[in-house]
There are 2 protein chains.
Amino acid sequence: MHRMAERPSSPPPPRLVDVAKAAGVSLATASRALTGSSGVSAEVAAHVRAVASQVGYVPNSHARALAGGQASMVGLVVHDVGDPYFGEIARGVLRETDRRGYLALISQTERDPRAELARIRALRAHRVTSIVLAGSGYVEPGTEADIAAEVRSVTAAGGRVAVIGRHHLPVDAVLPDNAAGAAALMRHLLGLGHRRLGVIGGPENLTTVEDRLAGLRTAYGEAGFDWRAVPVASGDFTREGGAAATARLMRAHPRLTAVVALNDPMAVGALSWLLNAGRRVPDEVSVAGFDDVPPARDVYPPLTTIRLPMVAMGRQALDLVLRPPATRPRRRRTGHELVVRASTAAPPTH
Amino acid sequence: MHRMAERPSSPPPPRLVDVAKAAGVSLATASRALTGSSGVSAEVAAHVRAVASQVGYVPNSHARALAGGQASMVGLVVHDVGDPYFGEIARGVLRETDRRGYLALISQTERDPRAELARIRALRAHRVTSIVLAGSGYVEPGTEADIAAEVRSVTAAGGRVAVIGRHHLPVDAVLPDNAAGAAALMRHLLGLGHRRLGVIGGPENLTTVEDRLAGLRTAYGEAGFDWRAVPVASGDFTREGGAAATARLMRAHPRLTAVVALNDPMAVGALSWLLNAGRRVPDEVSVAGFDDVPPARDVYPPLTTIRLPMVAMGRQALDLVLRPPATRPRRRRTGHELVVRASTAAPPTH
DNA sequence: AGCGCTTTCGGAAGCGCTTTCGGAAGCGCT
DNA sequence: AGCGCTTCCGAAAGCGCTTCCGAAAGCGCT
């Protein structure tokens with residue numbers, strides 16, 4: 001431990017015992033006054049609080065946590081804060097934590113399927129008992145059980161976890177109706193007259209992907225068409241992955257009149273590939289996305305997509321995780337909205 | 001403390017003393033083995049570690065921190081994780097924390113000038129000793145001193161803080177060369193032939209704003225023109241603020257041939273207002289931004305801007321904050337790059 | 001052999017807090 | 001007055017860990 005030549009060392013921060021002394025009460029009383037637990041008269045409590053804030057007392061959260069007090073930290077695990085979808089969710093979570101005086105521990109899995117387990121473990125090491133999982137369930141096949149076990153040991157220890165957009169875990173969940181949204185999107189395209197569409201899917205094992213695909217399939221089937229004729233190329237939920245998937249799709253099926261991407265960044269990738277390849281959007285090919293992340297309205301052409309209330313979803317997940325547990329997992333369904341912009345139009349008539 | 005009917009309570013997590021017992025060594029030795037401090041033979045250490053991982057031991061970070069061990073949490077304060085600029089910075093910071101086994105506490109100030117102080121205080125309460133400040137210095141006038149004091153008490157207690165894109169605090173800093181970047185941008189516009197330009201500025205008291213304005217001014221002056229003739233409308237670094245500022249600018253000065261926004265979201269706002277108003281970009285009016293956030297390349301028309309290595313900036317700031325302190329504040333300058341896209345062109349000739 | 005030295009380990013103190021437990025007042029009642 | 005009861009407060013026991021200090025053991029040397 002090299003401690004290095006201390007600077008003109010400032011006085012050590014005041015401890016609770018200092019506050020107690022200054023207020024003329026015992027340590028126990030001071031603690032009770034500041035934590036708001038009962039057993040102190042209102043006047044004494046007020047006095048202690050006054051003294052505390054006057055000497056600039058800041059409770060040591062580690063000592064507090066060690067001694068069995070309430071933790072004031074929550075954990076948030078996302079794929080990638082740079083991705084606008086997760087960025088918006090994080091924004092919602094942070095707004096709420098900041099408002100309630102909590103601090104949020106954020107870590108990202110960056111599409112490493114085994115990272116999620118490690119992140120939850122790390123959170124657990126820090127005795128974080130309230131965890132929001134917003135990585136969309138993209139886990140290494142075979143790891144699901146480990147994750148479930150990890151989650152269970154959090155809840156077994158009195159902790160709480162909530163997931164966003166995933167429903168394979170027996171915990172509180174905030175769930176957009178991915179299937180319904182996707183169906184609405186598909187109906188929009190069908191209504192425009194599209195018949196030969198391609199889909200840019202996402203990683204396997206992702207409930208979000210499954211649900212959205214199911215929604216597309218349902219609506220397509222209900223219109224009387226055969227889903228098996230619809231080509232699906234898998235992307236990885238990034239812009240680049242979307243562009244690559246579009247390339248594969250269009251090379252194999254040059255006559256597609258519309259491509260639906262399962263999230264906005266991939267739709268943007270599709271736009272970029274198509275425009276680059278000289279295909280006009282939406283005149284020759286329509287493109288649609290999902291989520292309505294902020295940039296979607298400013299790309300060219302502005303993206304038709306399904307809007308999800310991402311900020312509110314983050315906020316709700318945090319709320320669930322801080323609320324006293326229910327006997328059985330709660331599911332909060334969120335709304336969605338078809339946002340029609342200029343990237344979709346009727347297919348060419350010739 | 002309502003404790004609620006415990007579920008089939010899982011066994012309590014193993015403690016260090018359990019590991020020690022299982023390994024047949026003393027508590028002290030077990031601790032030394034796991035923290036990697038010297039004084040244990042290699043074999044014993046290996047044995048203890050093996051036993052620890054076998055029983056699934058997870059150190060209690062609160063106890064560790066209380067007892068004087070190294071803290072493994074860092075703090076990050078940003079304006080808004082939903083803003084792509086800060087999102088990218090956070091991504092860089094998180095990549096590094098995750099890699100090094102740290103956990104990051106993130107909170108946002110959301111353009112509330114007095115929030116930054118509160119956030120630093122909260123971090124301090126949690127004994128977080130390594131803090132990255134990426135809010136760009138947008139503080140309530142008069143609060144600077146308080147913030148400086150707060151920062152000083154962090155460093156006085158042996159903590160470390162680093163700032164990104166701000167240089168009024170005597171701590172390590174990661175600094176893009178805002179002035180040089182802005183100058184390059186201005187020279188690009190001047191080279192295209194623009195003479196009547198307008199600027200969309202940012203909040204007062206922001207060193208980033210000052211530096212970028214200074215760069216524009218310098219380059220304009222060096223070309224022999226009078227900066228005082230250049231209209232500046234203040235935005236708030238958001239898309240909407242940029243649109244509003246553009247409206248003011250163009251109404252007061254309809255003959256402007258170019259508008260420079262001090263960040264990309266405001267430039268996007270400018271694009272949206274201009275296009276809405278029926279002005280063609282770049283044929284009638286050129287638009288340029290700053291930062292090159294990811295969406296910049298996909299907007300219409302693709303944005304000419306100055307690229308800043310945001311992810312690397314986040315990573316570097318974290319590195320600074322975890323590195324043993326230097327005797328005097330370090331400044332890491334980052335590069336920048338003019339990215340010319342389709343939103344700028346020569347002014348109309350008529 | 002016996003000395004001092006280094007290396008390796010165990011005992012125990014203590015980090016700052018919450019909380020249990022028991023004692024001291026203060027109350028109304030018989 | 002004296003009783004039990006409630007209300008308020010203080011002493012002390014930990015929470016799980018790191019680290020200081022001293023003991024034990026192993027080494028080369030005279």
Side-chain angles (χ1 to χ4, degrees), chain A residues 1-3 11-49 51-52 55-73 124-129 157-158, chain B residues 1-3 11-48 52 55-73 124-129 157-158:
Chain A
M1 224 73 320
H2 68 146
R3 203 82 177 85
R15 295 157 307 162
L16 184 56
V17 60
D18 301 320
V19 174
K21 221 166 278 174
V25 299
S26 79
L27 184 58
T29 302
S31 170
R32 281 187 281 249
L34 294 181
T35 54
S37 37
S38 63
V40 223
S41 63
E43 306 96 67
V44 174
H47 177 227
V48 171
R49 273 194 293 269
V51 171
V55 302
Y57 170 71
V58 180
N60 182 321
S61 69
H62 294 301
R64 188 169 265 189
L66 224 211
Q70 299 291 1
S72 54
M73 298 190 315
R124 225 150 72 75
H126 287 255
R127 298 305 188 268
V128 175
T129 54
Chain B
M1 222 76 317
H2 70 146
R3 200 84 177 86
R15 296 156 306 161
L16 184 55
V17 60
D18 302 320
V19 174
K21 219 166 279 174
V25 298
S26 79
L27 184 58
T29 302
S31 170
R32 280 186 282 250
L34 294 181
T35 55
S37 35
S38 63
V40 224
S41 63
E43 305 97 65
V44 173
H47 178 228
V48 172
V55 303
Y57 171 69
V58 180
N60 182 321
S61 69
H62 294 300
R64 188 170 266 189
L66 224 212
Q70 298 293 1
S72 53
M73 298 190 317
R124 222 149 74 75
H126 286 256
R127 297 304 187 270
V128 175
T129 54

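Within every chain, numbering begins at 1; the chains are lettered A, B, ... in the order of the sequence lines, protein sequences first and strands thereafter.
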Chemist: What integer distance in Å separates A:Leu16:CG from C:dG16:P?
Modeler: 11 Å
Chemist: When the nearest nucleotide of DNA chain C is assigned to B:Ala28 and to A:Val17 on a heavy-atom basis, which residue is associated with the more 5' position?
Modeler: B:Ala28
Chemist: What's the closest nucleotide to the B:Thr29 side chain, out of C:dG16, D:dC8, C:dG10?
Modeler: C:dG10
Chemist: Which atom pair, heavy atoms only, marks the closest approach of B:Ala30 to B:Ala20?
Modeler: CB-CB, 3.8 Å
Chemist: Contact class for A:Ser31 (heavy atom, under 4.0 Å): base, sugar-phosphate, or nothing?
Modeler: base
Chemist: Are A:Leu66 and A:Arg127 close enough, and set up right, to give a side-chain contact (heavy atoms from CB on, under 4.5 Å), and what steps lead you there?
Modeler: CA-CA 10 Å; A:Leu66 224 211; A:Arg127 298 305 188 268; over 6 Å; no
Chemist: Indicate the atoms forming the closest heavy-atom contact of A:Ala45 with A:Ala33, along with that distance.
Modeler: CA-CB, 3.8 Å
Chemist: Restricting to non-hydrogen atoms, name the atom on B:Arg64 and the atom on B:Pro59 that form the minimum distance, rounded to 0.1 Å.
Modeler: NH2-CB, 3.6 Å
Chemist: Between atom CZ of B:Arg124 and atom OG1 of B:Thr129, what is the distance when rounded to the nearest 0.5 Å?
Modeler: 12.0 Å
Chemist: Rounded to whole angstrom units, what separation is found between the CD atom of A:Glu43 and the C1' atom of D:dT7?
Modeler: 12 Å
Chemist: Are A:Asp18 and A:Lys21 within salt-bridge range, i.e. N to O under 4.0 Å?
Modeler: no
Chemist: Could you tell me the separation between the CG atom of A:Leu66 and the P atom of D:dC15, rounded to a whole number of Å?
Modeler: 10 Å
Chemist: Can you say whether a donor on the side chain of B:Arg32 sits under 3.5 Å from an acceptor on the base of C:dG10, or the other way round?
Modeler: yes
Chemist: What is the distance, rounded to the nearest whole Å, between atom NE2 of B:His126 and atom C1' of C:dG16?
Modeler: 15 Å
Chemist: If I take atom CZ in residue A:Arg64 and atom P in nucleotide D:dG14, what distance separates them, rounded to the nearest angstrom?
Modeler: 22 Å
Chemist: Between C1' on D:dG16 and CZ on A:Arg127, what's the gap in Å once rounded to a whole number?
Modeler: 9 Å
Chemist: What nucleotide, of D:dG10, C:dC15, D:dG14, holds the atom closest to the side chain of A:Ala67?
Modeler: D:dG14
Chemist: CG of B:Asn60 versus P of D:dC15: gap in Å, rounded?
Modeler: 12 Å
Chemist: For DNA chain C, what is the dot-bracket line, given that a base pair needs Watson-Crick (N1 to N3, plus N6-O4 or O6-N4) or G-U wobble (N1-O2 and O6-N3) geometry with both distances under 3.5 Å, and | means paired with another strand?
Modeler: ||||||||||||||||||||||||||||||
Chemist: Side chain of B:Ala63: nearest nucleotide among D:dC17, D:dC9, C:dC9?
Modeler: D:dC17
Chemist: Check the distance between C:dG14's P and B:His62's NE2 and give it to me in whole angstrom.
Modeler: 24 Å
Chemist: Just checking A:Thr35: base, sugar-phosphate only, or nothing, at a heavy-atom cut-off of under 4.0 Å?
Modeler: sugar-phosphate
Chemist: Is the distance from OP1 or OP2 of D:dT18 to the nearest side-chain N or O of B:Ser37 less than 4.0 Å?
Modeler: no
Chemist: When you get a sec, tell me which of D:dC8, C:dT18, D:dG16 is the closest nucleotide to the side chain of A:Leu27?
Modeler: C:dT18
Chemist: For residues A:Met73 and A:His126, report the shortest heavy-atom separation together with the two atoms involved.
Modeler: CE-O, 4.3 Å
